[in-house]
Amino acid sequence: QVQLVESGGGAVQAGGSLRLSCAASGRTIMSYAMAWFRQAPGKERNFVAAIRWNSGITYHADSVKGRFTISRDNAKNTVYLQMNSLRPEDTAVYYCACKANVPIGSSWYSRDSSYNYWGQGTQVTVSS
């Protein structure tokens, strides 16, 4: 089992920045990749960014490219999401996710069904 705890959410004005953290504990050696998803009220949960735990290869949704950056600290078993130039449409609950096994096929990183463990979420609110 892997436990995930997110932190760093909050309220910010448009154009501002926030950094989310996701601390992983438990059998983290099982982890292949980590990701961030977000869900706005009344909408589906959408992919934001992902990172392969060992290689550091990253993937970002088109909507956040150039503004958000995912990174990880292997020693701390922590994944970060640096969010800059925030917009009101970035308002959502942000979830951290862990993929335990080697993926099959392409675009696995953007499917929430690819991930085995989820955090409880952290609210990000961007005002105009």
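Throughout, numbering of the chain's residues begins at 1 and tracks the sequence. It should be emphasised that the depicted structure is a prediction, and the values quoted were computed from it without experimental measurement.
- Rounding to the nearest 0.5 Å gives a distance of 10.0 Å between OH of Tyr32 and CG of Asn101.
- The two residues Leu4 and Tyr117 make their nearest non-hydrogen contact at CD1-O, 3.5 Å.
- One finds the CZ atom of Phe37 at 9.0 Å from the CG atom of Asn46 (value rounded to the nearest 0.5 Å).
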Under the side-chain contact (heavy atoms from CB on, under 4.5 Å) rule, what do Ser25 and Gln1 come out as? Steps first, then yes or no, please.
CA-CA 9 Å; Ser25 61; Gln1 293 293 323; over 6 Å; no

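- The shortest side-chain heavy-atom distance between Val124 and Met83 falls under the 4.5 Å cut-off.
- The distance from the CD atom of Glu44 to the CD atom of Gln39 is 8.5 Å, given to the nearest 0.5 Å.
- In this structure, the side chain of Thr122 engages the main chain of Gly9 through a donor-acceptor pair within 3.5 Å.
- Relative orientation of the Tyr109 and Tyr59 rings is parallel, given thresholds of 30° and 60° on the angle between their planes.
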Let's go through Phe47 and Asp112 carefully: what are the C-alpha distance in whole Å and the side-chain angles of both, what is the deciding distance for side-chain contact (heavy atoms from CB on, under 4.5 Å) to 0.1 Å, and is it a yes or a no?
CA-CA 7 Å; Phe47 169 73; Asp112 58 3; over 6 Å; no

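- Expressed to the nearest 0.5 Å, how far OG of Ser127 lies from CD of Gln13 amounts to 5.0 Å.
- Between Ala92 and Ala40, the shortest heavy-atom contact is CB-N, 3.8 Å.
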Arg87 vs Asp90, salt bridge (charged side-chain N to carboxylate O under 4.0 Å, His left out): CA-CA, chis, key distance, verdict:
CA-CA 5 Å; Arg87 305 167 179 168; Asp90 295 319; 5.4 Å; no

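- Taking OG of Ser21 as the start and CZ of Arg72 as the end, the distance is 15.0 Å to the nearest 0.5 Å.
- Listed here is the closest heavy atom pair of Leu86 and Val12: CD1-CG1, 3.6 Å.
- No side-chain N or O of Arg52 forms a donor-acceptor pair with one of Asn54 less than 3.5 Å apart.
- With no hydrogens or angles considered, a side-chain donor-acceptor pair links Gln82 and Asn84 at under 3.5 Å.
- Side-chain atoms of Lys99 do not come within 3.5 Å of backbone N or O of Ala33 as any donor-acceptor pair.
- Considering all non-hydrogen atoms of both residues, Ser31 and Val2 come closest at OG-CG2, 4.5 Å.
- Nearest heavy atoms, Leu20 versus Tyr94: CD1-CB, 3.6 Å.
- Surrounding CD of Gln120 are more than 12 heavy atoms belonging to other residues, nucleotides or ligands, all under 6.0 Å away.
- Residues His60 and Thr69 come closest through the heavy atom pair NE2-CA, 3.5 Å.
- In the hydrophobic cluster analysis, where Ile, Leu, Val, Met, Phe, Trp and Tyr join through side-chain heavy atoms closer than 4.5 angstrom, Trp108 is grouped together with Ile57.
- Asn116 places a side-chain N or O within donor-acceptor distance of the main-chain N or O of Ala100, the cut-off being under 3.5 Å.
- Contact annotation: the side chain of Cys96 approaches that of Met34 to within less than 4.5 Å [non-hydrogen atoms, C-beta and beyond].
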Under the criterion side-chain contact (heavy atoms from CB on, under 4.5 Å), I'd like the reasoning laid out for Leu81 against Phe68: C-alpha separation, chi angles, the key distance, then a yes or no.
CA-CA 7 Å; Leu81 185 67; Phe68 293 9; 4.2 Å; yes

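- With no hydrogens or angles considered, no side-chain donor-acceptor pair links Asp73 and Thr78 at under 3.5 Å.
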Show, in sequence, the C-alpha distance, side-chain angles and deciding distance for Cys22 and Tyr95, and conclude whether the side-chain contact (heavy atoms from CB on, under 4.5 Å) test is met.
CA-CA 9 Å; Cys22 174; Tyr95 296 93; over 6 Å; no

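- Clustering ILVMFWY residues whenever any of their side-chain heavy atoms sit less than 4.5 angstrom apart, transitively, puts Trp118 in a cluster other than the one holding Tyr80.
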